[in-house]
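Reckoned from all heavy atoms, side chains included, excluding hydrogens, waters and symmetry mates. All values reported here derive from a predicted model rather than from experimental measurement.
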Amino acid sequence: MTTLASGTAGSDAKDELTRDALTVLQPGFPGTTAPDWLLRHLGDGLASVGLFGRNIVSPEQLAALTAQLRAERDDVLVAIDEEGGDVTRLEVRTGSSFPGNHALGAVDDTELTGQVAHELGRRLRECGVNFNWAPSADVNANPRNPVIGVRSFGTEPDLVARHTAAYVTGLQAAGVAACTKHFPGHGDTAVDSHLALPRIDVDTEVLSARDLTPFRAAIEAGSHAVMSAHILVPALDPDRPATLSRRILTDLLRGELGYQGLIVTDGMEMQAIAATYGIERGSVLAIAAGADAICVGGGLHDEGTVRLLRDALVAAVRAGDLPEERLADAAERVRTLARWAAAQTPAADGAAGSADIGLTAARRALRVTGAGTSAPLTEAPYVALFAPVANIAVGDETPWGVAADLARALPGTGSGRFSGPDAGAGALAAAGERRIVAVVRDEHRHPWMGAALDTLLAARPDTVVVEMGVPQAPARGALHLATHGAARVCAQAAVEVLTAR
């Protein structure tokens, strides 16, 4: 076993430069057990690993996996992208037990947000995870945003700021380091940085008052990490995206905002970086700009990627393109966070009833329109799920909608998925005489979805509409429910109302 603090080399000893290059990487890996190459790199200096849905089957399996990692390196940082709500890895195959940020922002009770974050952190820590790439502190200023949406607490900077701070405090009280993202703010984009490089064209006054406000709150709350965004913000740096910008990471985040914790990049294989700079050059530029850890593994999760990035960093130092002291400083910041995480004791169980805090929050977030004029469902309906293409952050593995819960409450419930210009007609034909429950997600961003609802409501005005995205479009239907997210508990809360149970 090796530790970061000791600096003791593994059996295949590496020089300090190579060890530092490994230390700043946060790679992913395939499978539900750690491959031999990953364990070997942990012995050679690798300090962190990232977990994704493919790595997790159950809490018990996850605990065994993290124990396997710690048997090789007892202070390894085990990171995960667990926002709750729509973005869940811990419950990727069932849907989350916690509503996401938008639901918490709709309730606007910071004590509740802190309790949700603490219980989520407690469950992560119980499984051996000590670093969470959450919360999203983005102000969802652009209603066309394809990648943030319900991952944001809302559209008002002060609301987002106070809930970001509450989330950071609750999560870290459970012994899990928070990673506030996506600096300097991904909310005002109409492009998904997984696919291309977004650009935000507003002046510094708007950025300061809107996008930076939640990050100031996170820093004040003591967030142990901040994740950079792969976005171009010309008012801050006209040449390089934030992840690769010294002006943004060092001058602004470190200098003006006074942040001293770990700076982590968003996934380097995302096309905003990979298609413009390449992951090797991008990683070198990110460390040079002030980032301390390179996140990679959502898409590229093999040993070749780890070796490629390690060698690129070493070569850049030896060529004079990356100051050795900058790489050493980045590695030491990783070690500092690892020491903090290793020193945390397992979180207590918390207050009575905390295990149900997610459902409690989902119930409070639910907004119901038309309840006084519509009788609850008493017979098995037909659920028409109007499903948009899932963004990469959410993924398409996680089930969503209300069909499964309605089928348990009302056996015989039918369901189908529809999309495109004929979705409304298709749903009508499939439903027959049954009452229709139409489930949508961000109707305001998908014209075909609005047209489908028009078709349904014209023919069947008793149709119930459940909006599980951002409720930007006007409420309509005999009964309209806005859940503010598609987590499993959001569906459960909706079905309770639909069936008056």
Side-chain angles (χ1 to χ4, degrees), residues 85-86 88 91-97 99 103 358-359 362-363 365-388 390 394 396-420 422-443 446 448-469 471 475-501:
D86 290 28
T88 179
E91 300 178 278
V92 66
R93 292 168 182 82
T94 61
S96 182
S97 301
L359 180 57
R363 288 167 174 158
L366 194 67
R367 298 291 180 267
V368 181
T369 305
T373 60
S374 179
L377 299 174
T378 56
E379 297 181 356
Y382 186 84
V383 179
L385 183 72
F386 295 126
V394 173
D396 57 10
E397 294 177 275
T398 306
W400 66 282
V402 300
D405 287 282
L406 267 177
R408 282 188 286 271
L410 297 171
T413 294
S415 64
R417 295 171 69 96
F418 306 89
S419 61
D422 299 323
L428 275 175
E433 298 301 314
R434 288 173 288 184
R435 191 171 181 188
I436 299 172
V437 177
V439 182
V440 296
R441 199 167 179 172
D442 291 349
E443 179 203 339
H446 303 285
W448 68 265
M449 202 179 288
L453 288 183
D454 290 341
T455 299
L456 284 185
L457 292 168
R460 302 284 293 275
D462 65 341
T463 293
V464 175
V465 178
V466 181
E467 169 62 86
M468 302 194 80
R476 50 180 171 158
L479 179 65
H480 186 280
L481 278 62
T483 63
H484 299 90
R488 175 167 50 87
V489 286
C490 294
Q492 187 176 342
V495 168
E496 290 174 352
V497 170
L498 290 173
T499 58
R501 296 186 179 185

Asker: Hey, are the side chains of Pro388 and Asp442 touching, using non-hydrogen atoms and a 4.5 Å cut-off?
Answerer: no
Asker: Parallel, tilted or perpendicular for Phe418 and Tyr382, by the 30°/60° rule?
Answerer: tilted
Asker: Can you tell me how far apart CG (Leu385) and CE (Met468) are? Round to the nearest 0.5 Å.
Answerer: 9.0 Å
Asker: Find the distance between CD (Gln492) and CG (Leu366) and round it off to the nearest 0.5 Å.
Answerer: 12.0 Å
Asker: Could you report the tightest heavy-atom contact between Gly358 and Pro99, atom names first, then the distance?
Answerer: O-CD, 3.2 Å
Asker: Is there a donor-acceptor pair closer than 3.5 Å between any side-chain N or O of Glu467 and the backbone N or O of Glu443?
Answerer: yes
Asker: Rounded to the nearest 0.5 Å, what separation is found between the CG atom of Leu410 and the CG atom of Leu498?
Answerer: 9.0 Å
Asker: Going through the distances and angles, do Ile436 and Leu428 end up as a side chain to side chain contact (heavy atoms under 4.5 Å, CB included)?
Answerer: CA-CA 8 Å; Ile436 299 172; Leu428 275 175; 3.9 Å; yes
Asker: If every non-hydrogen atom of Arg441 is compared with every non-hydrogen atom of His446, which pair is closest and at what distance?
Answerer: O-CD2, 3.6 Å
Asker: First locate atom CZ of Arg435, then atom OG1 of Thr413, and finally report the distance between them rounded to the nearest 0.5 Å.
Answerer: 12.5 Å
Asker: Taking all non-hydrogen atoms of both residues, which atom of Pro376 and which atom of Thr499 are closest, and how far apart?
Answerer: CB-C, 4.1 Å
Asker: Might you point out which heavy atoms bring Ala475 and Thr369 nearest each other, and give the distance in Å?
Answerer: CB-OG1, 3.9 Å
Asker: Search all heavy atoms of Thr483 against all heavy atoms of Ala494 and return the closest pair with its distance.
Answerer: CG2-CB, 4.0 Å
Asker: Can you check whether Arg434 reaches Val383 side chain to side chain, under 4.5 Å on heavy atoms?
Answerer: no
Asker: Please find the pair of heavy atoms, one from Asp86 and one from Ala487, that lie closest to each other, and give the distance.
Answerer: OD1-N, 3.9 Å
Asker: Could you state the interatomic distance from OG1 (Thr88) to CZ (Arg93), rounded to the nearest 0.5 Å?
Answerer: 10.5 Å
Asker: If I take atom CD from residue Glu496 and atom CZ from residue Arg363, how far apart are they, to the nearest 0.5 angstrom?
Answerer: 4.0 Å
